[in-house]
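Numbers here simply count residues along the sequence, with the first being 1.
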Amino acid sequence: QLAQRVVARALDAGEAHDAGALASVVLHSPGPSKFEVIRIVRELTDLGIAEARGVVDRAPSVIGAGLSLAEPRAMVQKLTEAGATAEVDA
């Protein structure tokens with residue numbers, strides 16, 4: 001459900017140009033700053049507080065799928081700066 005929203009947003013924005021350049025963001029752990037990570041997940045995905053908390057609580061979870069490579073890297077950087085463990089899965 002979340003991944004479908006993110007993929008639809010990427011396609012609408014014209015960011016997904018070819019299948020070879022698509023990637024996902026996987027949140028492995030929120031780390032010590034869980035509430036900050038929830039805030040960032042909300043910011044990155046436009047989810048509500050309850051949905052974002054659910055995504056963070058269910059880690060490991062995909063918070064971005066079917067995105068161009070530049071966007072997932074920026075997402076991972078924001079998450080790791082907040083203390084989370086995340087990676088780009090191409």
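Note that CG of Leu47 is 11.5 Å distant from CD1 of Ile38, once rounded to the nearest 0.5 Å. Rounded to the nearest 0.5 Å, atoms CG (Leu79) and CD (Glu87) are 12.0 Å apart. Atoms CG and CZ, from Leu44 and Arg39 in turn, are 9.0 Å apart once rounded to the nearest 0.5 Å. Here the CD1-CZ distance, from Ile40 to Phe35, works out to 14.0 Å after rounding to the nearest 0.5 Å.
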The test is side chain to side chain contact (heavy atoms under 4.5 Å, CB included); show your working for Lys34 and Asp57 and say whether it passes.
CA-CA 9 Å; Lys34 181 178 175 180; Asp57 286 343; 2.6 Å; yes
Worked check of side chain to side chain contact (heavy atoms under 4.5 Å, CB included) between Leu27 and Val56
CA-CA 8 Å; Leu27 174 68; Val56 172; 4.1 Å; yes
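The minimum heavy-atom distance linking Gly64 with Met75 is given by the pair CA-CE, 4.4 Å. When all heavy atoms of Ser24 and Pro72 are compared, the pair lying nearest together is O-CB, 4.4 Å. Of all heavy-atom pairs spanning Val88 and Ala23, the tightest one is CG1-CB, 3.7 Å. Across Val37 and Pro30, no two heavy atoms sit closer than the pair CG2-O, 3.3 Å.
Ionic pairing of Lys78 and Glu81 is not present here: no N-O contact between side-chain nitrogen and carboxylate oxygen is shorter than 4.0 angstrom.
The shortest side-chain heavy-atom distance between Val25 and Glu71 does not fall under the 4.5 Å cut-off. Side-chain contact between Val41 and Glu43 is absent, with no heavy-atom pair separated by less than 4.5 Å.
Side-chain N or O atoms of Ser29 include none that pairs as donor or acceptor with a backbone N or O of Thr85 at under 3.5 Å. Judged by distance alone, the side chain of Glu36 and the main-chain N or O of Ser33 form no donor-acceptor pair under 3.5 Å.
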